[in-house]
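Note sheet for the following structure.
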Amino acid sequence: MIPNPNAYELDDELESDFEEVMIPDKTYRLDFDNKCIASMIDGKNSREQAILKIIMTEVEEHLPYDDTYGCALVNLIGEQPPLVQSLVKDSIREGILADDRFESVSFTSESLKRGALTLNLTVTCIDSTEIDIEGVEVNV
């Protein structure tokens, strides 16, 4: 018997019955200083925490996350500072934009002192909310 590829076409009427729903951002608030879970957060605070977690997580290093979660920064150790400055920003941008809640990333300032690159960035969410992240430090 030969399969009929046209036998399983969806009706236009059935396709219109599906509706996309936004999943809420409610999650646990992580206290990075005391290394504990403190409470629950939602909205802009949870998105800011998600951005920080993406920046702190090395891509393809932690089993709970897929291959696109995080930033590839370990490979940059020992490279020349001007190259690292460019690649760090590209890696952070790519890691953040892999999350479908975020639309764009722009870097507002950067400074390189004693092997530490400090960045300030603004992330625009899909609902046009802007999140400012200051003082992201990457050792180079």
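These figures come from a predicted structure and were not determined experimentally. Nothing fancy with the numbering, it's 1 onward along the sequence.
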Query - Contacts of type ring pair (Phe, Tyr, Trp, His ring centres under 6.0 Å), residue Y69, not counting sequence neighbours - result: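 Counting only residues at least two positions away or on another chain, Y69 forms a ring pair (Phe, Tyr, Trp, His ring centres under 6.0 Å) with Y65.
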
Query - Qualifying residues under ring pair (Phe, Tyr, Trp, His ring centres under 6.0 Å), relative to F107, sequence neighbours excluded - result: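 Per chain and number, F107 pairs via ring pair (Phe, Tyr, Trp, His ring centres under 6.0 Å) with no residue.
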
Query raised in the report: Does anything in residues 62-75 pair up under salt bridge (charged side-chain N to carboxylate O under 4.0 Å, His left out), and if so which pairs, sequence neighbours excluded?
Result: none

Validation: residues 31-38 side-chain donor-acceptor distances under 3.5 Å, sequence neighbours left out:
residue, atom, partner, partner atom, Å
D31, OD1, D33, N, 3.2
D31, OD1, N34, N, 3.3
D31, OD2, N34, ND2, 2.9

Report task. Mind checking side-chain hydrogen bond (donor to acceptor under 3.5 Å, both in side chains) for S109 and listing every partner two or more places apart, or none if nothing turns up? Result ->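 Partners of S109 under the side-chain hydrogen bond (donor to acceptor under 3.5 Å, both in side chains) test: N120.
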
Query raised in the report: Of all residues at least two apart in sequence or in a different chain, which pass the side chain to side chain contact (heavy atoms under 4.5 Å, CB included) check with K113?
Result: none

Query raised in the report: With E137, which residues qualify under side chain to side chain contact (heavy atoms under 4.5 Å, CB included), at least two apart?
Result: A116, T118, N139

Query - side-chain contact (heavy atoms from CB on, under 4.5 Å) evaluation trace for K26 with I41 - result: CA-CA 6 Å; K26 191 169 189 174; I41 55 174; over 6 Å; no

Closest approach of [X] to [Y] (non-hydrogen atoms, all atoms of both residues):
{"X": "I55", "Y": "L73", "answer": "O-CD1, 4.2 Å"}
{"X": "A72", "Y": "E58", "answer": "CA-OE2, 3.4 Å"}
{"X": "I126", "Y": "D100", "answer": "CG2-O, 3.4 Å"}
{"X": "V59", "Y": "G70", "answer": "CB-C, 4.1 Å"}
{"X": "V84", "Y": "L76", "answer": "CG2-O, 3.6 Å"}

Query raised in the report: Quick one: side-chain hydrogen bond (donor to acceptor under 3.5 Å, both in side chains) pairs with a partner in residues 122-133, sequence neighbours left out?
Result: R47-D127, S104-T124, T122-D132, D127-T129

Requested in this report: Using modelled atom types only, decide if a donor and an acceptor are shared between the side chain of S91 and the backbone of V88 within a distance under 3.5 Å.
Outcome: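 A pair under 3.5 Å: no.
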
Requested in this report: Output, in order, the C-alpha distance, side-chain angles, deciding distance and verdict of side-chain contact (heavy atoms from CB on, under 4.5 Å) for N45 and R29.
Outcome: CA-CA 9 Å; N45 291 332; R29 184 177 72 81; over 6 Å; no

Gap between atom [atom2] of [Y] and atom [atom1] of [X] - 0.5 Å precision:
{"X": "I96", "Y": "E103", "atom1": "CD1", "atom2": "CD", "value": "13.5 Å"}
{"X": "I131", "Y": "Q49", "atom1": "CD1", "atom2": "CD", "value": "11.5 Å"}
{"X": "I92", "Y": "I54", "atom1": "CD1", "atom2": "CD1", "value": "11.0 Å"}

Requested in this report: Please identify each residue that fulfils salt bridge (Lys or Arg N to Asp or Glu O under 4.0 Å) with E110, with sequence neighbours left out.
Outcome: K89

Report task. Could you list the residues that satisfy salt bridge (Lys or Arg N to Asp or Glu O under 4.0 Å) with D90, not counting sequence neighbours? Result ->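 So D90 forms a salt bridge (Lys or Arg N to Asp or Glu O under 4.0 Å) with R93.
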
Query raised in the report: Would E48 and V123 satisfy side-chain contact (heavy atoms from CB on, under 4.5 Å), going step by step from the backbone distance to the final call?
Result: CA-CA 9 Å; E48 182 176 341; V123 179; over 6 Å; no

